[in-house]
Amino acid sequence: MDCRAAAFALTQIATLLELHNEDPFTVRGMQAAARAVAARGDESLPLALAGVLGPDDALLPAARAVLQELIDTNSASLLERLQEETPEGLLEMLRVPGLGPARIRAIHDGLHVDTLQELEDAARDGRLAALPKFGAKTAERVLNGLADLRATGAYVLWQHAHAEAVRFAAAVRAHRDVLQVETAGSIRRRMEVVRDVDLVVAVRGAPSVVAGALAQLPGVRDVLGGGGRSLALRLDNGVRVDVACVRPEQFALALWRATGSTAHVQQIIARAAEQGLALAGDELRDRDGALVAIPDEAALYARLGLAYITPEQREAAGEIEAAAQGPFAPLITEAALVGALHCHSQYSDGGATIADMAEAAQARGLRYLGVSDHSQSNTYAGGLSRDAIVQQHTEIDALNAGYVARGVDFRVLKGIEADILPCGRVDYDAAFLDRFDFVIGSVHTRYGMNERQMTDRVLKALDDPHLTVLGHPTGRLLLTREPYAIDMRAIMEKAARVGVAIELNADPHRLDIDWRACRVAQELGTLVSIGPDAHSPQGLEHLAQGVAIARKGWLTAANVLNTRSASEVLAFARARRTGAAGAEETPPAPRLRIVQG
Ligand SMILES: [Zn+2]
Ligand SMILES: [Zn+2]
């Protein structure tokens, strides 16, 4: 049993406990344990439990018992019991994108809906929309989710699909007639959730012959379709893989087409047609029917008079019109990040010491680490009392003094992830908040508020001059919990005005704000902070996915707070407290830089 599988079991337990309306403390404890275990990746569970998840961490005893049972018996009786007690239809409903356990419980209790079919009926005849806190939009989302679920099977998080793609691509690459393999589709476009794996394979000899051979690879359970040079496979673990085998000279166009999105590809084909070019199959032909060589994707865009469009941007969301005007401003890269502001330590629900977190940050090339443990109101996640904060700050001062003494260019910043209370107040009082270098304000409770209430709550929090960053602004958990109702445009407008950054929480389960909202933030001049929300040193790896999502939202380094130095971040935080914000902290951030020649 590896940690990934154990984390999955804990997550399922947490979800089902929530579905059964069990006490939130246990639910969150299971979730925290799942995060802690997931952070250990492929490591064996006994090793992890004996090591980093050792006796003096904050693991919920019930979660520890589950892990021990997994080690001893490879099963979890609590999970089995919960699954036993849950109608299958409700388990299925958990797989509907955008429908979390709380809503499923509300649907079940309010409408006695037990199956997907009944859910669909209720969504269509208005009963779902009439439920408290639901509404027409939610009903529509449920219908869309159902359609997706039926058509193509369930979504998984990007990282899981990517891991499957890497694994299967390695097996394909080992075949003697395979020259090159690339992952395409929504994985390459860095969609936050993914339904299947797309591979494009350049082969020696006849593509259909190699395709036939690949269908025989170990790990392939079924051939679902295809024929000729394309294959639709189902792997033993249920993952669906689409494989396109092509000759080397067709590879670039085949990769481009398989990357999508479908709408982007259609728009490009239409543009080609306007220019007298025919883009069909994996070939581009000119007016005279002569083949146009396309050695790489950039050549395709160039031939159509367009700047190169990165895979992340290919969503038919205005990128073609923009590329027709000239090159994009360079998108942010991970190398541009100078520090990270959203990290937890053992003081609250993190798994490591501040020193260990700082060391991991340095190893990633970062120059500062913002420690932001939970605040006092957040009892389930070990929120910090004032005394604990004072102690933590003494420890940080000592660490920083050590860096100075050793001439190390690194600094730990004193932060807090303060709860935004239901009334809109930021946890602690003004005098105490003054002690922190920066403050992240997050909503962790009362997700069920309506849009007006939630928007007012967060707008009020933005008035607090101590607030530096608004944490995970919509509260969504991908595939598990939908975003709470909130007017993000109003929030981002105000944030830009008062000089607060909006977080792009890079936890792969959150990726919050959504990449679509990044475009809006850029438009409004709202600064974005890419926060790993790391609960362990491994959690800093989330930054890579945060950057990918930022790129998908067209963000440049100038749009992102933590591309700035520690002293600039401190100045940004201080500017608010002295009332100087607004004027200097709204960079115009043009979407395009027109460069010619
Ligand atoms: Zn949080
Ligand atoms: Zn956090």
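As the structure lists them, so they are numbered: ligands from 1, and atoms in each ligand from 1.
- Here His444 reaches the Zn ion (ligand 1): one of its N/O/S atoms is less than 2.8 Å from the metal.
- For residue His342, an N/O/S atom approaches the Zn ion (ligand 2) to within less than 2.8 Å.
- For Glu417, the N, O or S atom with the smallest separation from the Zn ion (ligand 2) is OE1.
- Val408 is listed as a side-chain neighbour of Gln362, based on a closest heavy-atom distance under 4.5 Å.
- For the Zn ion (ligand 2), the set of nearby N, O or S atoms under 2.8 Å includes none belonging to His472.
- Around the CZ atom of Arg364, the shell of radius 6.0 Å holds more than 12 heavy atoms that belong to other residues, nucleotides or ligands.
- Within the coordination shell of the Zn ion (ligand 1), defined by N, O or S atoms under 2.8 Å, Asp533 is absent.
- With Phe432 as the aromatic partner, Arg386 meets the cation-pi criteria of under 6.0 angstrom to the ring centre and within 45 degrees of the ring axis.
- With contacts defined as side-chain heavy-atom distances shorter than 4.5 Å, the pair Leu570/Phe438 does not qualify.
- When the shell of 6.0 Å around CZ of Phe8 is examined, it contains 12 or fewer heavy atoms from other residues, nucleotides or ligands.
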